[in-house]
Every structure is written in structure tokens, then in C-alpha cells.
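Working notes, beginning with the structure itself.
Throughout, a chain's letter reflects where its sequence line sits, starting with A, and its residues are numbered from 1.
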Protein chains: 2
Amino acid sequence: MSNQNITEALGYLMFQICRAHRNRAQELLSELGLYTGQEILLMHLWEKDGRSQSELADLMCVQPATLTKSIDRMSTAGLIERRPDPNDGRVSRVYLRQAGRDIQALVEGVWQQVEAESFAHLTVEERILLRRLLMQVKQNISPD
Amino acid sequence: MSNQNITEALGYLMFQICRAHRNRAQELLSELGLYTGQEILLMHLWEKDGRSQSELADLMCVQPATLTKSIDRMSTAGLIERRPDPNDGRVSRVYLRQAGRDIQALVEGVWQQVEAESFAHLTVEERILLRRLLMQVKQNISPD
DNA sequence: TGATATTGTTTAGTCGGCAAATAAAAGCTG
DNA sequence: CAGCTTTTATTTGCCGACTAAACAATATCA
């Protein structure tokens, strides 16, 4: 119970898996001209276009300052664009451009592939169980 | 089975947990003057002092270039120091300095605290099960 | 109405990561 | 032994992430 060694912590195990997951996703996403994390932003726009930056920051659990630079780069790349909110001069809303829409299927394919690789050799029951356990962990640690 | 939506992927769930875990650890480690990831390097030195950089890179699943800069900063901070290997002119070995030894108990305390917070409300059986499932995922995705 | 919060975004600086190119030392091989 | 290959570490440059601070626009309230 009192694991002195960090190496044996469940948190460290998850840390290693997430890094491997990220590296594998990056390997495939780089072929689409994307960097890690950019597909998450696109995903939220595919779900609902024209979100404000603070809205995106909340959804992505990221600081607003992180988004500013990322949106700059993705705008330069032609994936998205900023447009000021007509009703509130403070907020700037983020909209998909055509290039950002066009890669949706490819990006989702990448995620499905990595998902399949990661959770191979697990039965359906085990996946359901894993999801239930992880949901509990998320509730424990997320500042809801 | 064919989850179109990335939000519902198990990989995304783990991604969110890892970020929350990292942020929580960072919050506590910053009080010790450490940045995220530095405690992992120290951990491997506490286990065995004087490791080479390539050895550390393997253990940490990190590129050598990442370590170079991190070791620079941690050396400046007085936590560790580089010493050339007497038998092989290529390798430089990393040794703990006193400040790096002194914070071991504090850092391990932080990890135990975050571990306890993260995996609260899970029975012993559930933790064992979670570990088994995660080990399988790690084997799937890690380039052993 | 006018002074004071509050909210949304940006800027500057730092850190952990990566890839690609480079340099230096050791190992191998004919 | 000379030449090629492999291993080890560094440099450069970029991206995602953070904090702290600044700035601009809207809300709030006396």
C-alpha cells in the first residue's frame, strides 16, 4: 500500500502509456501536417464550429495563453480562422476553414487506429471495466 | 465499437487524466523548486546514481536531446552534476548532488499524495485489476 | 453616471518534448 | 592500420504547456 517507489505507482504507469500514445498519434498526425494537440482543438470545432477561445480552453483543460499561440499557428496553416464576436468585443471566435474540414475523416481514422492498437487484446468486458475505473479516477482528480 | 467521436475514446480519457495528474503533481512539486519530469530523472538516480544519459533516456522513454537541456538546468539548480566516464570518452554520467538527495523524501511524499488522491474510492481489487489492464495496454503500445 | 470589478485575450519568459543535423569517440572490418 | 559504421551527446529550431503580467472590453454597483 505504501509504495515507496514511484516506478510502481499507477500514476507512473499511466504517464508512460500516455507518452507512448501521444508519440504514436504524433507519428501518424505529422503525415497530415498536424502537431499533437491540434487535432483536439479541431475535434471540438467539428462538434460545434465558432466556439470562443475561453470555451475551447475550458473544454481542452488548457490555459487560454496556450491556445493563443496554437490558434496563431493553425490560422497561418490555413486550418482555422479567428473572427470577432459581433456582440461582445472581448471574445474572438474560432471557425473552421476548408482545409480544417477536409481532414476530419483522416484524423478520426488516425485516432481509431491508435485506439485499436492501444486496447488490443482486451475483451469487450475488459474495455467497459477499464472505462468505468478510469471515469472514477477522472472524477477523483478533475477539478469539477 | 466504431466510435466516430474522439471524445468517447479510451485514449482521450487517459489523456485527460494524465493532464490532470501532471497539473496536480506540478502544483505540489513547484513548491520544491522542481518542474514536471525532473522528479522522474531524480527517481532513477535515487535508484542508481551515476547513470549515463543514454541509459536515462531509455528509462524515461525520452529523446537524448530532451535530456541534454533538462540536465543543464538541473545542474545549474545544483541538483545534479555531469562527470565524464573515465573508460568511454563519449558518455557523460549524471550524479546526484546533496540538494538532489535531500529532497527525495519530499518528492516521494508528493507522489504518494497524488497517487492517493487519484485512485481514491477504488478498492484494492479494483486497483489490482486496473494495473493488470494498464500493463496490457502498455505492452500493446510500447516499442519493446 | 462614473469608479471599480470581472471577463477574454494577448505578451513575455520558461520548461518538457520532438526531429534533424552535427561532432566526437569507440568499434568493426578488410 | 586505415576507413567505415555505430554509439553518445549536443546544437538548433519548433511545438504544446505553464505562470505572471498586461491590456481591452464588458458588467456591476454605489
Side-chain angles (χ1 to χ4, degrees), chain A residues 15-16 18-42 50-77 79 82-94 143, chain B residues 15-16 18-43 51-77 79 82-94 143:
Chain A
F15 165 75
Q16 291 176 300
C18 280
R19 167 125 73 224
H21 187 278
R22 185 175 60 87
N23 287 344
R24 179 67 181 132
Q26 189 167 44
E27 193 176 340
L28 298 174
L29 288 173
S30 67
E31 296 173 8
L32 307 179
L34 289 183
Y35 293 89
T36 307
Q38 296 189 343
E39 87 279 11
I40 308 289
L41 192 153
L42 289 175
R51 294 188 193 267
S52 72
Q53 296 190 202
S54 61
E55 193 180 347
L56 287 167
D58 278 351
L59 287 167
M60 298 172 72
C61 298
V62 147
Q63 296 302 309
T66 301
L67 273 180
T68 296
K69 283 195 285 188
S70 188
I71 292 174
D72 285 348
R73 282 185 281 258
M74 292 175 72
S75 297
T76 304
L79 295 166
R82 282 194 184 86
R83 283 188 236 153
D85 186 298
N87 302 322
D88 191 332
R90 292 169 299 183
V91 335
S92 90
R93 300 196 167 274
V94 185
Chain B
F15 165 74
Q16 291 177 300
C18 279
R19 169 122 74 219
H21 186 280
R22 186 174 60 85
N23 287 344
R24 180 65 180 132
Q26 188 166 45
E27 193 175 340
L28 299 174
L29 288 174
S30 66
E31 297 173 8
L32 307 179
L34 289 183
Y35 294 88
T36 308
Q38 296 189 344
E39 87 278 13
I40 308 290
L41 193 154
L42 289 174
M43 179 188 76
R51 294 189 193 268
S52 73
Q53 296 191 204
S54 63
E55 193 180 347
L56 286 167
D58 278 351
L59 287 168
M60 298 171 70
C61 298
V62 147
Q63 296 302 311
T66 300
L67 272 180
T68 296
K69 284 195 287 187
S70 189
I71 291 174
D72 284 348
R73 284 186 279 257
M74 293 175 73
S75 297
T76 304
L79 295 166
R82 282 192 183 87
R83 285 187 234 152
D85 186 297
N87 302 322
D88 191 331
R90 291 170 300 181
V91 336
S92 88
R93 300 195 167 274
V94 185

Would you indicate, yes or no, if [N] has its OP1 or OP2 atom less than 4.0 angstrom from a side-chain nitrogen or oxygen of [X]?
X       : N      : answer
A:Thr66 : D:dC18 : yes
B:Arg73 : C:dC15 : yes
A:Gln53 : C:dT10 : yes
A:Asn23 : C:dG17 : no
A:Arg51 : C:dG8  : no

Which listed nucleotide ([options]) is nearest to the side chain of [X]?
X       : options                : value
B:Ser54 : D:dT8, C:dC15, D:dT10  : D:dT8
B:Val91 : D:dT10, C:dC18, D:dT8  : D:dT8
B:Ala65 : D:dC18, C:dG8, D:dT12  : D:dT12
A:Pro64 : D:dA17, D:dT10, C:dT10 : C:dT10
A:Gln38 : D:dT10, D:dA17, D:dC15 : D:dC15
B:Ser70 : C:dG16, D:dT8, D:dC15  : C:dG16

Q.
Is it the case that the side chain of A:Glu39 and the backbone of A:Gly37 share a donor-acceptor pair, with hydrogens and angles ignored and the cut-off at 3.5 Å?
A. yes

Q) Counting N and O atoms only, with roles assigned by atom type, does the side chain of B:Arg19 sit under 3.5 Å from a partner on the main chain of A:Met60, one being a donor and the other an acceptor? A) yes

Q: Kindly indicate, with the supporting measurements, whether the criterion side-chain hydrogen bond (donor to acceptor under 3.5 Å, both in side chains) is fulfilled by B:Ser92 and B:Gln53.
A: CA-CA 7 Å; B:Ser92 88; B:Gln53 296 191 204; 2.8 Å; yes

Over how many whole Å does the gap from [X] atom [atom1] to [N] atom [atom2] extend?
X       : N      : atom1 : atom2 : answer
A:Leu28 : C:dC18 : CG    : P     : 16 Å
B:Arg19 : C:dG16 : CZ    : P     : 17 Å
B:Tyr35 : D:dG16 : OH    : C1'   : 17 Å
A:Asp58 : C:dG8  : CG    : P     : 9 Å
A:Met74 : D:dG16 : CE    : C1'   : 12 Å
A:Arg22 : C:dC18 : CZ    : P     : 6 Å
A:Asn87 : C:dT7  : CG    : P     : 19 Å
B:Gln26 : D:dA20 : CD    : C1'   : 14 Å

Please classify the nucleic acid contact of [X] as base, sugar-phosphate, or nothing, using heavy-atom distances under 4.0 Å.
X       : value
A:Gly89 : sugar-phosphate
B:Arg93 : nothing
B:Thr68 : base

(Q) Whether B:Asp85 and B:Arg90 form a salt bridge (side-chain N of Lys/Arg under 4.0 Å from carboxylate O of Asp/Glu) is what I want to check. (A) no

(Q) Measuring only between side-chain heavy atoms, which start at C-beta, is B:Leu79 closer than 4.5 Å to B:Leu34? (A) yes

(Q) Quick one, A:Glu55 and A:Asp58 - any side-chain contact, counting heavy atoms below 4.5 Å? (A) no

**Q.** Pairwise 5' ranking along DNA chain D for B:Phe15 and B:Lys69, keeping only the more 5' one
**A.** B:Lys69

Q: Find which nucleotide of DNA chain D each of A:Asp88 and A:Gln63 is nearest to by heavy atoms, and output the residue with the more 5' nucleotide.
A: A:Gln63

**Q.** Quiz item: A:Arg90 side-chain donor-acceptor pair to C:dT9 base, under 3.5 Å
**A.** no

